[in-house]
Amino acid sequence: MARLKFGAFLAPHHPIGEHPMLQFRRDLDFVEQLDALGYDEFWCGEHHSSGWETIASPEMFLAAAGERTKRIKLGTGVISLPYHHPFNVAQRMVQLDHMTGGRAIFGSGPGALASDAHTLGIDPMTQRDRQDEAIAVIRRLFNGERVTAKTDWFEMHDAALQILPLQEDMPFVVASQISPSGMTLAGKYGIGIISLGSMSTQGLMALPQQWQFAEDAAKKAGTTVSRANWRVLLSWHIAETREQARREAGAGLMRWHNEYNVGTLMRPGLTAFSSPDEAVDKTAFVEGAASTIGTPDDLIKMIKNLVDVSGGVGSIIGFAHDWANPENTRRSWDLVARYVVPEINGYIDGLRKSRQFLIDNRAVFERAGQAVMAKIMQNDKAAAALQQTGPGRVAIPAVNAPDLAKAAAKQKV
């Protein structure tokens with residue numbers, strides 16, 4: 001299996017109650033932790049309502065994150081293109097790319113919250129077409145073209161960027177949930193995808209069909225799409241044991257589901273959980289569950305299953321949430337970096353093989369100990385001292401150490 005990239009997606013989904021200023025700082029601390037742990041990407045979204053989703057400008061947040069980090073890629077997850085003039089979006093993304101040293105990923109979507117579109121007086125029926133129009137223009141601007149365009153929602157007259165992106169080819173990524181529009185756009189333009197609907201069982205099982213939408217659109221447009229540029233979202237909370245993970249995540253998961261998904265968004269078909277245990281059981285321990293609340297081994301199994309079901313993806317993006325408290329949440333991401341990522345990507349295979357080689361060839365390496373003993377026995381004083389030498393008193397690496405107690409016993413005889 002090709003090595004996977006790993007990242008985090010912060011919508012964010014924060015319960016109402018925490019000081020917004022401190023919340024932003026905590027989120028920036030989180031990005032800094034991910035960078036230190038070697039995660040490949042961090043994504044944050046754009047929302048203007050709901051109370052739980054507080055980042056209005058992903059570009060501003062990511063610019064601040066860029067000053068705190070060194071290597072992690074920073075993606076807009078996503079900029080809702082129908083809400084903005086495309087020229088302004090292009091300008092902001094170019095500036096972000098330069099300010100982060102060429103680490104920006106341009107992720108876009110039509111806008112996820114109906115309340116945001118309502119606030120701006122945008123007809124939801126127009127949003128996906130507007131995203132398509134904006135992507136086409138922004139790509140031309142990034143290529144250094146001078147653009148004149150007029151649509152029913154924006155105009156440009158001889159528009160050109162003064163500064164082009166620092167990256168020669170800044171990654172373009174579109175969000176995809178349930179409808180085929182995101183995958184179709186990816187295929188049309190030959191760009192990347194971040195699948196956000198995979199956190200449900202139905203979304204996980206639909207991944208093969210979703211990829212087919214992208215390939216069909218690419219064939220029609222004469223472009224190509226690569227699974228290496230396909231990012232899939234998963235949710236998890238990881239601890240040393242399943243019992244510990246359950247204790248840490250249960251109450252927060254229940255609150256997130258009941259207060260936000262059911263009580264605020266009123267997602268169709270969802271009902272409130274009656275207890276933290278029910279929340280955990282129905283989220284992570286039902287047949288075909290798309291979330292993991294358990295150990296690193298449980299998440300490894302989930303990721304391998306996702307790769308099999310989907311046919312192959314390029315990146316696993318973890319959904320950042322507040323199911324557990326900040327300390328246990330940080331610990332969860334730490335465990336994933338230390339034990340899940342290396343297991344999935346084979347970083348420790350060589351260590352296991354090296355250890356097993358020594359075990360399997362014990363007789364060969366015992367000769368090193370025999371060589372040490374031969375030199376001792378060639379020296380009368382050393383041989384005499386051997387009788388006084390007990391186990392553990394000689395600083396010889398264990399793999400080379402002779403059995404001194406056994407040799408001393410022979411000397412006495």
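For the numbers below, each heavy atom of this structure counts, side chains included, while hydrogens, waters and symmetry mates do not.
- The closest donor-acceptor contact from the side chain of His84 to the backbone of Pro86 lies at 3.5 Å or more, if one exists at all.
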>> Walk me through whether Ile72 and Asp40 qualify under side chain to side chain contact (heavy atoms under 4.5 Å, CB included).
In response: CA-CA 5 Å; Ile72 194 168; Asp40 299 288; 5.9 Å; no

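- The only option from Arg338, Arg352, Lys301, Lys304 that meets the salt bridge (charged side-chain N to carboxylate O under 4.0 Å, His left out) definition with Glu343 turns out to be Arg352.
- Within a 6.0 Å radius of OH in Tyr347, other residues, nucleotides and ligands contribute more than 12 heavy atoms.
- Scanning both residues, Gln127 and Pro110, for their nearest heavy atoms gives NE2-O, 2.7 Å.
- By the 6.0 Å contact criterion, CZ on Arg71 is enclosed, its count of non-hydrogen atoms from other residues, nucleotides or ligands being greater than 12.
- One finds the CZ atom of Phe6 at 13.5 Å from the CZ atom of Arg231 (value rounded to the nearest 0.5 Å).
- Using a cutoff of 4.0 Å between basic side-chain nitrogens and carboxylate oxygens, Arg68 and Asp35 are not scored as salt-bridged.
- Between Val309 and Asn305, some side-chain heavy-atom pair lies under the 4.5 Å cut-off.
- At distances below 3.5 Å, at least one donor-acceptor pair connects side-chain atoms of Tyr189 with backbone N or O atoms of Asp132.
- Contact of the Leu4 side chain with the Asn345 side chain is registered, since non-hydrogen atoms from C-beta on lie closer than 4.5 Å.
- More than 12 non-hydrogen atoms from other residues, nucleotides or ligands lie less than 6.0 angstrom from CZ of Arg139.
- Between Ala90 and Ile138, the shortest heavy-atom distance links the atoms CB-CG2, 4.2 Å.
- For Gln95, the CD atom is loosely surrounded, since the number of other residues' heavy atoms within 6.0 Å does not exceed 12.
- Of the possible polar contacts, none joining the Gln23 side chain to the His19 backbone as a donor-acceptor pair under 3.5 Å is found.
- Judged purely by distance below 3.5 Å, without hydrogens or angles, the side chains of Tyr339 and Asp297 never pair a donor atom with an acceptor atom.
- In this structure, the ring of Phe319 has its center less than 6.0 angstrom from the ring center of His13.
- Of the inter-residue distances, the one linking Glu41 atom CD with Lys73 atom NZ reads 8.5 Å to the nearest 0.5 angstrom.
- No side-chain heavy atom of Val262 sits under 4.5 Å from any side-chain heavy atom of Met266.
- Considering all non-hydrogen atoms of both residues, Met99 and Ala63 come closest at CE-CB, 4.2 Å.
- At least one donor-acceptor pair under 3.5 Å links the side chain of Ser310 to the backbone N or O of Gly312.
- Between the side chain of His14 and the backbone N or O of His321, no donor-acceptor pair lies under 3.5 Å.
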>> Using the rule given for side chain to side chain contact (heavy atoms under 4.5 Å, CB included), can you reason through Leu96 versus Leu74, listing the C-alpha separation, both sets of side-chain angles and the distance that settles it, and then say yes or no?
In response: CA-CA 9 Å; Leu96 178 64; Leu74 301 166; 5.7 Å; no

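- Taking a cutoff of 4.0 Å between a charged side-chain nitrogen and a carboxylate oxygen, Arg330 and Asp334 do not qualify as a salt bridge.
- Residues Thr292 and Asp298 have side chains that never bring a donor and an acceptor to within less than 3.5 angstrom of each other.
- At least one donor-acceptor pair closer than 3.5 Å links the side chain of Arg103 to the backbone N or O of Thr100.
- A heavy-atom distance below 4.5 Å is found between the side chains of Val232 and Leu207.
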If you look only at distance, which donor and acceptor atoms sit under 3.5 Å apart when one is on a side chain in residues 161-172 and the other is two or more places apart or in another chain?
residue	atom	partner	partner atom	Å
Gln167	NE2	Asp97	OD1	2.7
Gln167	NE2	Ala104	O	2.7

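- The side-chain heavy atoms of Met93 and Phe142, taken from C-beta on, include a pair separated by under 4.5 Å.
- Around CE of Met125, the count of heavy atoms belonging to other residues, nucleotides or ligands within 6.0 Å does not exceed 12.
- Arg140 places none of its side-chain heavy atoms less than 4.5 Å from the side chain of Arg146.
- Within the 4.5 Å cutoff, side-chain heavy atoms of Ile316 are placed close to those of Leu306.
- Within the model, atoms SG of Cys44 and CD of Glu59 stand 8.5 Å from one another, a figure rounded to the nearest 0.5 Å.
- Of the N and O atoms on the side chains of Gln210 and Ser176, at least one donor lies less than 3.5 Å from an acceptor on the other residue.
- The line from CZ of Phe273 to CE of Met254 is 9.0 Å long, rounded to the nearest 0.5 Å.
- Here the shortest heavy-atom pairing between Pro296 and Ala239 reads CD-O, 3.5 Å.
- For Asn143 (side chain) and Glu145 (main-chain N/O), no donor-acceptor pair under 3.5 Å exists by modelled atom type.
- At a cut-off of 3.5 Å, with distance as the only test, a side-chain donor of His48 or Glu46 sits close to an acceptor on the other residue.
- Residues Ala65 and Val31 share a closest heavy-atom pair of CB-CG1, 4.0 Å.
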Side-chain atoms of residues 213-224: list all donor-acceptor pairs with protein atoms under 3.5 Å, sequence neighbours left out, distances to 0.1 Å.
residue	atom	partner	partner atom	Å
Glu215	OE2	Trp211	NE1	3.0
Asp216	OD1	Gln212	NE2	2.8
Thr223	OG1	Gly187	O	2.4

> Going through the checks in order, is the side chain to side chain contact (heavy atoms under 4.5 Å, CB included) test met by Met156 and Thr148?
Replying inline: CA-CA 5 Å; Met156 290 186 195; Thr148 296; 5.9 Å; no

> Could you go step by step and tell me if Phe42 and Leu62 meet the side chain to side chain contact (heavy atoms under 4.5 Å, CB included) rule?
Replying inline: CA-CA 9 Å; Phe42 171 81; Leu62 295 175; 3.7 Å; yes

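- With hydrogens and angles ignored, the 3.5 Å screen pairs a side-chain donor or acceptor of Thr283 with a backbone N or O of Ala279.
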Please tabulate, for the side chains in residues 243-251, all donor-acceptor contacts under 3.5 angstrom to protein atoms that are two or more places apart in sequence or on a different chain.
residue	atom	partner	partner atom	Å
Gln244	NE2	Glu240	OE1	3.4
Gln244	NE2	Glu248	OE2	2.9
Arg246	NH1	Asp277	OD1	3.3
Arg246	NH1	Asp281	OD1	3.2
Arg246	NH2	Asp281	OD1	2.7
Glu248	OE1	His237	NE2	2.7

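- The two atoms that bring Ile79 and Pro58 nearest to each other are CG1-CG, 4.1 Å, heavy atoms only.
- No hydrogens or angles considered: a donor-acceptor pair under 3.5 Å links the side chains of Trp230 and Ser195.
- Taking the six-membered ring where the residue is Trp, Trp333 and Phe30 present perpendicular rings, their angle passing 60° and hence far from 30°.
- Using a distance-only test at 3.5 Å, with no hydrogens or angles considered, no donor-acceptor pair links the side chain of Arg227 to the main chain of Val313.
- Of the possible donor and acceptor atoms, none in the side chain of Asn258 sits under 3.5 Å from a partner among the backbone N and O of Ala272.
- Using a 3.5 Å distance cut-off with no hydrogens or angles, the side chains of Glu133 and Trp153 do pair a donor with an acceptor.
- Put simply, OG on Ser315 and CD1 on Ile193 are 11.5 Å apart, with the number rounded to the nearest 0.5 Å.
- No side-chain donor from either of Thr126 and Asp129 sits under 3.5 Å from a side-chain acceptor of the other.
- Within the 4.5 Å cutoff, side-chain heavy atoms of Ile55 are placed close to those of Leu10.
- To the nearest 0.5 Å, the span separating CG on Asp349 from OG on Ser354 amounts to 12.5 Å.
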